[in-house]
Amino acid sequence: MKFKNFQVVPKMIFGRGSFAQLDEVLAAERKHADDFVVFVVDNVHQGKPLESRLPVKAQDILLWVDVTDEPTTVQVDGLTEQVQQFSHKLPVSVVGIGGGATMDLAKAVSLMLTNEGGSAKYQGWDLIKNPAVHHIGIPTISGTGAEASRTAVLCGPERKLGLNSDYTVFNQIIMDSELIAGVPTDQWFYTGMDCWIHCVESLEGTFLNEFSRAYAEKSLELCREVFIEGHPNKDDKLMMASFMGGMSIAYSQVGACHAVSYGLAYVLGYHHGIGNCIAFNVLDDFYPAHMAEFRGMMKQHNIQLPQNICKDLPDETIAAMVKVTKSMGPLWANVYGDSWQEKVTDEMLTKLFRRI
């Protein structure tokens, strides 16, 4: 048996107010007067207090990114080109500040600066050949686990799929729970449920091991303190739950919910968090032990999911979603094992989508 040898984030800072140490962290990377940093920041923070706290130097480049839609390979390639046109040399670091989509964009840009051919070429598992530029992740909303994961999930020409590699993992993360205060309730819930679902899929999967179990169980415990008990330190707890949920799937895999939500995202444009919730809500046959808790949390926080969104869609639209979802081999292997192709049929997935 061969065991997975995977990369983890080598450096991390956790604590309220720790964002103030970003300048110090970047100073260690700047060796020459013309060394520059690329800041990739969610434009929701433009004109807000966080903008004035960004330690941008005169030689740096600040890229405000719009993540209204899911991040795409076209967007990554455009951002990469902006950096390449800005300077003939490589930056000393790429800093992603925002939610999972923004951090994934930063990861992807750091990879594409050292790997030629466009990001769509590297959608898959372990296709990246060259190490990325040093990159830092700073979440301003918690749940995706992007700060801990080895993937940068992008919508490409054919499907939604990550740039999965050891080189994708951040070199440094800064987890400052002050930055996630004030997130709108719906977004807070949907992104937090991404973490909760990571743990459920890990615990119920065929790839489960004690490493994954330890992180997933603790992460679920923290999620319950956040979404059921409303703990006073819920921001700190959700930030740690997100990191641990990401660590859990790093040594196992996500499952049916993520596979289905990728189809929803790619074809209908649903964001990852809400897409996961919509998908999970019809997966009673896959995760029966967790449905009551999930629906209870939705009721507690007055979350109303879209209903019947696929019921009357044209057959060709459903077929497109089925194609994307069926292509997620490692995810289905975590659900069913090596024989997953016998069970994940077009007919089964079509019926599933028609229930959404």
Side-chain angles (χ1 to χ4, degrees), residues 41-50 65-71 97-105 139-147 153 155 160 177-201 219-220 222-243 245-246 254 257-258 260-283 287 290-310 355-356:
V41 187
D42 187 336
N43 66 5
V44 72
H45 298 294
Q46 196 166 9
K48 303 289 178 59
L50 184 64
V65 294
D66 185 350
V67 291
T68 304
D69 299 319
E70 291 278 90
I97 304 174
T102 303
M103 288 189 285
D104 280 355
L105 285 172
T140 61
I141 183 171
S142 283
T144 67
E147 65 275 15
V153 182
C155 289
K160 178 181 176 182
S177 58
E178 288 184 350
L179 300 181
I180 71 172
V183 175
T185 299
D186 281 9
Q187 189 177 7
W188 168 79
F189 182 86
Y190 294 140
T191 309
M193 284 302 99
D194 188 19
C195 171
W196 185 87
I197 290 167
H198 284 160
C199 299
V200 170
E201 290 177 311
S219 182
L220 279 184
L222 292 168
C223 284
R224 288 169 183 138
E225 291 186 73
V226 171
F227 294 102
I228 298 175
E229 300 172 21
H231 195 281
N233 294 331
K234 62 182 181 180
D235 290 342
D236 300 71
K237 289 180 178 292
L238 184 56
M239 187 157 272
M240 281 311 305
S242 176
F243 176 80
V254 287
C257 182
H258 276 71
V260 173
S261 75
Y262 280 6
L264 286 171
Y266 187 77
V267 178
L268 299 184
Y270 279 98
H271 271 232
H272 189 65
I274 188 173
N276 275 342
C277 289
I278 292 169
F280 196 86
N281 201 37
V282 301
L283 295 177
Y287 307 111
H290 303 277
M291 301 310 298
E293 182 172 81
F294 173 70
R295 290 171 180 145
M297 290 187 291
M298 283 202 299
K299 183 177 180 180
Q300 183 172 337
H301 295 285
N302 299 312
I303 301 298
Q304 300 295 323
L305 292 177
Q307 301 290 320
N308 300 317
I309 60 176
C310 296
R355 291 174 54 201
I356 294 176

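Bear in mind that the values here come from a model prediction, so they are computed numbers and not experimental data.
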Side chain to side chain contact (heavy atoms under 4.5 Å, CB included), that's the test. Do Tyr262 and His272 meet it? Break it down for me.
CA-CA 8 Å; Tyr262 280 6; His272 189 65; 3.7 Å; yes
Closest non-hydrogen contact found for Gly192 with Leu238 is CA-CD1, 4.2 Å
Do Trp196 and Phe189 have ring centroids that are under 6.0 Å from one another?
no
Nearest 0.5 Å, please: how far is CG in Leu105 from CG in Asp42?
9.5 Å
Taking Cys310's backbone N and O only, do any of them form a donor-acceptor pair with Arg355's side chain (distance below 3.5 Å, no angle check)?
no
Only one of Leu283, Ile197, Val200 passes side-chain contact (heavy atoms from CB on, under 4.5 Å) with His290, and that residue is Val200
Could you grab the distance from atom CE of Met298 to atom OH of Tyr190, nearest 0.5 Å is fine?
8.5 Å
Criterion side chain to side chain contact (heavy atoms under 4.5 Å, CB included) on Ser142 and Trp188, from CA distance to verdict
CA-CA 8 Å; Ser142 283; Trp188 168 79; over 6 Å; no
Do other residues, nucleotides or ligands put more than 12 heavy atoms under 6.0 Å from the CD atom of Gln304?
no
Please examine the side chains of Asp186 and Ile274, heavy atoms only from C-beta on, and report whether any two atoms are closer than 4.5 Å.
no
Hey, does Val260 have a side-chain heavy atom less than 4.5 Å from the side chain of Ile356?
yes
Where do His301 and Thr185 land on the side-chain hydrogen bond (donor to acceptor under 3.5 Å, both in side chains) test, with the steps shown first?
CA-CA 8 Å; His301 295 285; Thr185 299; over 6 Å; no
Does Ile278 reach the side chain of Ile309, with side-chain heavy atoms less than 4.5 Å apart?
yes
Using the side chain to side chain contact (heavy atoms under 4.5 Å, CB included) rule, take Thr140 and Val44 through it: C-alpha gap first, then chi angles, then the decisive distance, then the call.
CA-CA 10 Å; Thr140 61; Val44 72; 5.8 Å; no
Full working for salt bridge (Lys or Arg N to Asp or Glu O under 4.0 Å) between Glu70 and Lys160
CA-CA 9 Å; Glu70 291 278 90; Lys160 178 181 176 182; 2.6 Å; yes
Under a 3.5 Å threshold, yes or no: a donor from one side chain and an acceptor from the other, between Asn276 and Ser261?
yes
Please assess Phe280 against Met291 for the test side chain to side chain contact (heavy atoms under 4.5 Å, CB included), listing each intermediate value before the final yes or no.
CA-CA 8 Å; Phe280 196 86; Met291 301 310 298; 3.4 Å; yes
Which atoms form the tightest heavy-atom contact between Gln307 and Leu305, and what is the distance?
NE2-O, 3.2 Å
Here the gap from Leu222 atom CG to Cys195 atom SG, rounded to the nearest 0.5 Å, amounts to 8.0 Å
Please give me the minimum heavy-atom distance between Ala241 and Ser219, naming the atom from each residue.
O-OG, 2.8 Å
Can you tell me how far the SG atom of Cys257 sits from the CG atom of Asn281, to the nearest 0.5 Å?
10.0 Å
Non-hydrogen atoms of Ala101 and Pro71 that approach each other most closely
CB-CD, 3.8 Å
Side-chain (Glu201) to main-chain (His258) donor-acceptor, under 3.5 angstrom
yes
Is a side-chain N or O of Thr191 found less than 3.5 angstrom from the main chain of Gln187, in a donor-acceptor match?
yes
Nearest heavy-atom contact between Gln300 and Ile228 is NE2-O, 2.9 Å
Taking every heavy atom of Ala146 against every heavy atom of Met103, the minimum-distance pair comes out as CB-CE, 3.9 Å
Report the distance from atom NE2 of His271 to atom CG of Leu264, rounding to the nearest 0.5 Å.
13.0 Å
Rounded distance [0.5 Å steps], CZ in Arg224 versus CE in Met297
8.0 Å
Does the pair Ser177 and Asp236 meet the rule for a side-chain hydrogen bond (donor to acceptor under 3.5 Å, both in side chains), with working shown?
CA-CA 5 Å; Ser177 58; Asp236 300 71; 3.2 Å; yes
